[in-house]
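First the structure, in the form of structure tokens, and then the observations on it.
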Amino acid sequence: MAAPATTPGPAGPAPGGALAGPLIAAVDIGGTKIAGGLVDTDGTLLHQLQVPTPADGDRHELMAAVDHVLDDLARLPAWQHVRALGIGSAGPVDIAAGTVSPVNLPGWRGFPLRSEAAEHPAVRGLPVVLGGDAVAMTAAEHWRGAARPFRSALCLVVSTGVGAGLVLDGRLHTGATGNAGHLGHISVDYRGRPCPCGSRGCLEGLASGTAIARTAAELGWRPGPDGVATAGAVAVAARAGDPLALTAYDRAARALAAGIAATATLVEIEAAVIGGGVARAGSVLFDPLTRHLASYATLSFARGLSLVPAHLGTDAGLVGAAALALPALPAHR
């Protein structure tokens with residue numbers, strides 16, 4: 001298979017300049033793109049690039065795309081300072097086994113991504129740390145972003161699906177397999193829609209971007225003649241005062257509020273950090289979310305919960321993958 005063309009990301013500090021310490025190579029694997037970057041121990045993304053994900057490819061084609069990203073990173077002069085590799089992947093993941101089974105990448109089922117990446121010629125001998133993409137985002141926001149001021153926080157990625165991760169008592173809480181905090185598949189409506197995961201009334205089926213667009217359509221909302229029925233289009237209509245679009249976001253916000261309040265009640269978080277494409281709706285999402293949260297988080301220890309937009313945007317995947325690997329650096333062991 002011909003190697004995919006690499007697309008450079010936004011320019012960061014020049015990787016060829018003077019470096020004060022070790023670097024971490026980071027790879028972020030999603031359904032549409034595989035990104036790579038170099039990150040310093042302060043959490044600064046120094047260089048990034050990406051290739052399209054061959055989402056319908058077999059296990060070998062998918063791994064070839066990851067290898068291509070690593071090849072291009074290894075050609076950078078700064079690679080000589082790399083001391084670890086962090087990988088954040090769409091899940092489910094199993095960090096104990098080092099495997100991934102992304103729902104949107106059928107070619108990988110129980111795929112040994114950690115050991116396969118460790119066999120890359122430029123990576124051999126380096127520690128390789130694997131985590132799920134939502135947990136990586138959580139690590140990034142706690143290290144360099146909106147969750148930094150809090151000892152305990154829930155970080156959510158509300159996009160095509162709903163992913164989440166937990167910081168408890170100042171530490172990332174991954175669980176044994178790396179899936180702790182998987183809020184998208186907590187049931188918030190016991191009579192709700194069947195979910196592809198096998199449960200019913202899952203938060204993801206009510207509050208994801210996909211669900212918002214579906215709810216709006218079921219209510220009778222239709223985009224303009226040139227429009228597409230997406231959560232973003234619904235948000236535009238909601239900002240213009242469309243009552244059906246506003247109702248779709250209100251229902252999603254109510255489901256999110258129920259899930260966040262349940263988490264706060266269970267583990268006493270101080271903040272919920274909301275990122276992902278749906279969060280870009282701004283007040284269309286956050287206003288009803290704040291209102292509904294007040295009606296669900298009613299116990300004294302949950303009432304002070306802060307709602308905070310994520311800070312790192314599209315950099316969170318790579319910064320988070322690096323954050324997962326930071327403890328593996330020799331100086332941090």
With rounding to the nearest 0.5 angstrom, report the [atom1] to [atom2] distance, [X] to [Y].
X	Y	atom1	atom2	value
Ile34	Leu49	CD1	CG	11.5 Å
Glu270	Leu168	CD	CG	10.5 Å
Leu246	Trp221	CG	CH2	12.0 Å
Ile95	Thr174	CD1	OG1	3.5 Å
Leu307	Ile260	CG	CD1	5.5 Å
Met63	His60	CE	NE2	11.5 Å

Close side-chain approach of [X] and [Y], heavy atoms under 4.5 Å:
X	Y	result
Leu266	Thr263	no
Asp28	Gln50	no
Cys195	His185	yes
Val100	Val93	yes

[X], [Y]: one ILVMFWY side-chain cluster at the under-4.5 Å cut-off?
X	Y	value
Met137	Leu256	no
Leu113	Val69	yes
Leu105	Leu130	yes
Ile212	Val188	yes
Val273	Leu293	no

For the residue pair [X] and [Y], what are the closest heavy atoms and their distance?
X	Y	value
Ala272	Leu305	N-CD1, 3.8 Å
Leu329	Arg83	CD2-CB, 3.5 Å
Val39	Leu45	CG2-CD1, 3.7 Å
Pro288	Asp250	CB-OD1, 3.7 Å
Val129	Ala328	CG2-CB, 4.0 Å
Ser89	Pro102	OG-CG, 4.1 Å

> Does the side chain to side chain contact (heavy atoms under 4.5 Å, CB included) test come out yes or no for Asp71 and His120, once each step is laid out?
Replying inline: CA-CA 9 Å; Asp71 289 342; His120 188 281; 2.6 Å; yes
>> Walk me through whether Val157 and Asp133 qualify under side chain to side chain contact (heavy atoms under 4.5 Å, CB included).
In response: CA-CA 9 Å; Val157 182; Asp133 52 1; over 6 Å; no
Donor-acceptor pair, [X] side chain versus [Y] backbone, under 3.5 Å?
X	Y	value
Tyr249	Ala231	yes
Glu204	Val162	yes
Arg59	Arg109	no
Glu61	Asp58	yes
Arg200	Tyr190	no
Thr215	Ala248	no
Ser152	Asp169	yes
Thr44	Asp40	no

With a sphere of 6.0 Å drawn around [atom1] of [X], does it hold more than 12 non-hydrogen atoms of other residues, nucleotides or ligands?
X	atom1	result
Arg171	CZ	no
Arg239	CZ	yes
Arg251	CZ	no
Arg114	CZ	yes
Arg191	CZ	no

> Are Leu166 and Ile269 close enough, and set up right, to give a side chain to side chain contact (heavy atoms under 4.5 Å, CB included), and what steps lead you there?
Replying inline: CA-CA 9 Å; Leu166 285 166; Ile269 55 172; 4.3 Å; yes
> Parallel, tilted or perpendicular for Phe111 and Trp108, by the 30°/60° rule?
Replying inline: parallel
> Should the pair Glu141-Arg148 be classified as a salt bridge under the 4.0 Å nitrogen-to-oxygen rule?
Replying inline: no
> Would Val51 and Asp72 satisfy side chain to side chain contact (heavy atoms under 4.5 Å, CB included), going step by step from the backbone distance to the final call?
Replying inline: CA-CA 10 Å; Val51 300; Asp72 284 355; 5.5 Å; no
>> Looking only at the side chains, is there a donor atom on one of Thr177 and Asn179 sitting less than 3.5 Å from an acceptor on the other?
In response: yes
